[in-house]
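Report on the structure given below.
Below, chains carry the letters A, B, ... as their sequence lines are ordered, and counting in each starts from 1. Only this structure's heavy atoms are used, side chains among them; waters, hydrogens and symmetry mates stay out.
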There are 2 protein chains.
Amino acid sequence: MKPAELTLAISTELPAMRRSERKVAEFVLSRPAEVIRMRIVDLAEQAQVSEPTVIRFCRAVGCKGFLDFKLILAQQLAASPSYGQIAITDTDSLAECTSKVFDSTVDTLLNVRDHLDLHRLDEAVKALCAANRVEFYGFGASAAVAFDAQHRFFRLQLATAAYSDPHLQNMSATSLSPGDVVVAFSQSGRTKAILDSIDLVKSNGAAVIALAPSKSPVATAATIPINIDVEEDSQIYTPLSSRIAHLAVIDVLAIGVAQQKGPELQEHLRQLQANLNSLRVK
Amino acid sequence: MKPAELTLAISTELPAMRRSERKVAEFVLSRPAEVIRMRIVDLAEQAQVSEPTVIRFCRAVGCKGFLDFKLILAQQLAASPSYGQIAITDTDSLAECTSKVFDSTVDTLLNVRDHLDLHRLDEAVKALCAANRVEFYGFGASAAVAFDAQHRFFRLQLATAAYSDPHLQNMSATSLSPGDVVVAFSQSGRTKAILDSIDLVKSNGAAVIALAPSKSPVATAATIPINIDVEEDSQIYTPLSSRIAHLAVIDVLAIGVAQQKGPELQEHLRQLQANLNSLRVK
DNA sequence: CTTTATGTGCAAATTAATTACAATCAGGTT
DNA sequence: AACCTGATTGTAATTAATTTGCACATAAAG
């Protein structure tokens, strides 16, 4: 039994459970944070069942015993602290907002981490290393991501550019050659303008790495799609975690490229760091 | 005792510990993942001490007992799976890099979350709501953060702008009035140019919210400093998590402002969403 | 209305964690 | 160098918690 799947397992097994075990399951799902601090007697009392029933419940969801169950639940809670309560409401205090924003961002990151296709990442790193020019395209919230990525790769001695203007994208795309790489960012995966740019890039023989939801038009159009699926809450008060996931993936790619480039690049980075210090006080 | 600080507490207390407690501490720090599955007898045996010593150790680090200790450790591990092994090396595989980047980013976020000054955040939200104009300043990696923030707040019907050019910053700053707000981003907290801009903004009577390390010149100069302390690894292959922390804080501020503005803003956001869809396929 | 299978709780037994106390060790003093 | 004192550690007893075995209850089927 792995931590990430406990609450899921409970929900799955729930219909197949006996009446009193179900009482336990429902109680655990409703107040998981309290359960991890409870003894078996407390939980039995609160769920209105006997202690052995609690144990049978633990076994039913794939744990060795009650302690094992608590431990796994605790881990799952820590990993997804916001389980079942991410949505931000009008009445949340700023403190609640803060933890929800951070927790859901963390949730998103862990989720993306566990679903990344490493093989694709590897392809992407190789393509980036081999490229003469690397360009970053994005609109809206993804424009900032593209500029960040440009800054990140620019430090790696690559010829980089970032465009969030469709005209500039098209003009620049036209001048790309085979071997060059474009990284396209799209949270929706269905922005028309970015699809146009992608087509143009491909018709010039350059590769397109796309960070977009799987099976989206952008992912389908890309040469090397890197799928990033984030439950985009349709809520109004959404923390827009997907752009942060994109940034993290950019970090991975940048570090991958830096490794491949080897020691002379590292010397260059040290130099950069040193020069930056002259722009700072003290 | 909060989960996020257990290993820290162990490290802190370590020099003040007795010899045999230290044995336990070192063992726990070296193989935390195994400890959470151990019984007290196992841990005592492996650390070459007696069982009561283990308990004394647990108490010394602020836990109620051994079970409490294991529970908290399990939570910390789940939340920061990468404890003690974040540094990325030349020889790491891409898979290792990936988990290290994500895990250290998660670490950073949780750490920042636990050290945010909510009172300052509240002040910042109030200042932003009251402002006629809001501008975002940043250089280098923080430039992308500033543009992202501009995009985020622009949607909230505020008059916003973002500048990463010191001349533009200065010109714009000169035209600000009391009640207006500038949000300054600085990862180092010691960039000369941003300090110049901050001074200019203040001399025009506008407020400066700064996201920067505590006690840094930028934080000191700000009207409302929001301290963000990230262990900036001096490593070459650094994931630069601080910019992601800045983004998360921006999310909190943006949601705070959205809440204050109330329902007519929500209608506006819905409208925006609907219009965006016309730029998308399918 | 009985029978049987299944589910549930009580109480005993087992296992683990904690406390009390005694032995030991280190450092300082005569 | 021997002794004392206080802190530190381990042994053994205690207490608390979990788990198991078994008997009772309950519901469905004959």
Next on the checklist: Does anything in residues 41-50 of chain B come within less than 4.0 Å of DNA chain C? Heavy atoms only, and list the residues if so.
Outcome noted: none
Any [X] side-chain N or O less than 4.0 Å from OP1/OP2 of [N]:
{"X": "Arg59(B)", "N": "dT19(C)", "answer": "yes"}
{"X": "Ser20(B)", "N": "dT9(D)", "answer": "yes"}
{"X": "Thr53(A)", "N": "dG9(C)", "answer": "yes"}

Roughly, in whole Å, what's the span from [atom1] in [X] to [atom2] in [N]?
{"X": "Arg18(A)", "N": "dG9(C)", "atom1": "CZ", "atom2": "P", "result": "12 Å"}
{"X": "Lys70(B)", "N": "dA17(D)", "atom1": "NZ", "atom2": "P", "result": "15 Å"}
{"X": "Arg39(A)", "N": "dT19(D)", "atom1": "CZ", "atom2": "P", "result": "14 Å"}
{"X": "Ile40(B)", "N": "dT19(C)", "atom1": "CD1", "atom2": "P", "result": "10 Å"}
{"X": "Glu51(B)", "N": "dT9(D)", "atom1": "CD", "atom2": "C1'", "result": "13 Å"}
{"X": "Leu71(A)", "N": "dA17(C)", "atom1": "CG", "atom2": "C1'", "result": "16 Å"}
{"X": "Lys64(A)", "N": "dT18(D)", "atom1": "NZ", "atom2": "C1'", "result": "12 Å"}
{"X": "Glu21(A)", "N": "dG9(C)", "atom1": "CD", "atom2": "P", "result": "11 Å"}

Next on the checklist: Here's a test of your reading of the structure: between Arg19(A) and Lys23(B), which maps to the more 5' nucleotide of DNA chain D?
Outcome noted: Lys23(B)
Are [X] and [Y] close enough for a salt bridge, meaning some N to O gap below 4.0 Å?
{"X": "Arg113(B)", "Y": "Asp103(A)", "answer": "yes"}
{"X": "Arg243(A)", "Y": "Asp251(B)", "answer": "yes"}
{"X": "Asp148(A)", "Y": "Arg152(A)", "answer": "no"}

Checklist entry - Looking for any heavy atom pair under 4.0 Å, which part of the strands does Arg22(A) touch: base, sugar-phosphate only, or nothing? => result nothing
Side chain of [X] (C-beta onward), nearest among [options]:
{"X": "Ile55(B)", "options": "dT9(D), dT19(C), dT8(C)", "answer": "dT19(C)"}
{"X": "Leu67(A)", "options": "dT18(D), dT9(D), dA17(C)", "answer": "dT18(D)"}
{"X": "Phe66(B)", "options": "dT18(D), dT8(C), dT18(C)", "answer": "dT18(C)"}
{"X": "Arg56(B)", "options": "dG9(C), dT18(D), dG10(D)", "answer": "dG10(D)"}
{"X": "Pro52(B)", "options": "dT19(D), dA20(C), dA17(C)", "answer": "dA20(C)"}

Checklist entry - With no hydrogens and no angle check, is any side-chain donor or acceptor of Lys70(A) less than 3.5 Å from a backbone partner on Ile40(A)? => result no
Next on the checklist: Looking at Thr7(B), is its backbone amide N or carbonyl O close enough to the side chain of Gln76(B) to form a donor-acceptor pair, meaning the two atoms are under 3.5 Å apart?
Outcome noted: yes
Checklist entry - Relative to each other, are the rings of Phe69(B) and Phe57(B) parallel, tilted or perpendicular (30° and 60° limits)? => result perpendicular
Checklist entry - Nearest heavy-atom pair of Leu109(B) and Ala245(B): which atoms, and what distance? => result CD2-CA, 4.0 Å
Checklist entry - How close do Gly65(B) and Cys58(B) get, heavy atom to heavy atom, and via which atoms? => result O-CB, 3.8 Å
